[in-house]
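Here the structure comes first, spelled out in structure tokens, and everything after it is commentary.
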Amino acid sequence: MNYWLFKTEPGCFSIDDLKSRPDMTEHWDGVRNFQARNFLRDTVKPGDLVLFYHSNIAEPAVVGIAEVVREGYPDFTAFDPQAEHFDPKSSVEKPIWYMVDVQYVKELKRPVTLERIKSNPLLSEMPLVRRSRLSIQPVTAEQWQIIMAMGGEER
DNA sequence: GCCAACGTTGGC
DNA sequence: GCCAACGTTGGC
């Protein structure tokens, strides 16, 4: 079982959107970065837990937890010329982009802001701190525990 | 809204 | 296969 951090702009898709449909799976689509794609296609598996991170806002933060419920499969939004992330180079026969499905687990009692993450020396190795642009990032078990504690969650 | 970081594209 | 130009991300 692995841990991850998935970024999303809340104006596009937020924890409230996920929470409002707790019994439904949501497609994590639109990822158009090869390194992130490789994680989604090859490494992210059902049962993995995800830090749900709100980016590109005044106070970026980990705000909740999601669970992966379907492993990587072709991102069909890349095939749709009307879709925002349409990619003419990707096809049903030879898909380039992949997505997984996730389900709501919980909101953190207290959001863990990027500011708090950056100020914790134990989290200095997180890609979020080191290379902030990657939208799908692995998280170690230790980092997960620390962020849970910072978020006010029980062990 | 600015701009640094960095990923991608394309000419050569 | 190099690298300059360009586009995007995302913190501030």
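Quick note on labels: first sequence line is chain A, next is B, and so on, each numbered from 1. From a predicted model like this one, the values you see are computed outputs, not experimental measurements.
Look at A/Tyr53 and you won't find any side-chain N or O under 4.0 angstrom from OP1 or OP2 of C/dT9.
Both A/Lys89 and A/Asn56 lie near DNA chain B, and the one whose nearest nucleotide falls closer to the 5' end is A/Asn56. Judged by closest nucleotide on DNA chain C, A/His85 is the one of A/His85 and A/Ala58 placed further toward the 5' end.
One side chain, A/Thr77 or A/Asp75, offers a donor N or O that lies under 3.5 Å from an acceptor on the other.
Candidate nucleotides B/dC6, C/dG10, B/dT8 were compared by shortest atom distance to the side chain of A/Arg133, and B/dC6 ranks first. With distances taken from any side-chain atom of A/Lys118 to the nucleotides B/dT8, C/dG10, C/dG11, the minimum falls on C/dG11. Of the candidate nucleotides C/dG10, C/dC12, B/dT8, C/dC12 has the atom lying nearest to any side-chain atom of A/Leu114.
Taking atom CD1 of A/Ile96 as the reference point, atom C1' of B/dT9 lies 14 Å away to the nearest angstrom. Taking atom NE2 on A/His54 and atom P on C/dT9, their separation rounds to 17 Å, with Å as the unit. Look at CG on A/Asn33: it is 18 Å from P on B/dA5, rounded to the nearest Å. Straight-line distance from the CD1 atom of A/Ile136 to the P atom of C/dT9: 13 Å, rounded to whole Å. Between A/Asp87 atom CG and B/dT8 atom P there is a gap of 12 Å when expressed in whole angstrom units. Note: CD (A/Gln137) to P (B/dG7) measures 12 Å, nearest angstrom. Note: CG (A/Leu128) to P (C/dG11) measures 7 Å, nearest angstrom. At whole-Å resolution of the value, CZ in A/Arg130 and P in C/dG11 are 17 Å apart.
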Extract all donor-acceptor atom pairs below 3.5 Å that involve side chains of residues 65-73 of chain A and protein atoms in other chains or at least two apart in sequence.
unit_1, atom_1, unit_2, atom_2, d
A/Glu71, OE1, A/Lys45, NZ, 3.2
A/Tyr73, OH, A/His27, ND1, 2.9
A/Tyr73, OH, A/Asp101, OD1, 2.6
A/Tyr73, OH, A/Asp101, OD2, 3.2

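Ring centroids of A/Phe34 and A/Trp97 are separated by less than 6.0 Å, placing the two rings close together.
In this structure, A/Glu142 has no salt bridge (Lys or Arg N to Asp or Glu O under 4.0 Å) partners at least two apart in sequence or on a different chain.
Looking only at side-chain heavy atoms (C-beta outward), A/Arg130 and A/Glu125 come within less than 4.5 Å of each other.
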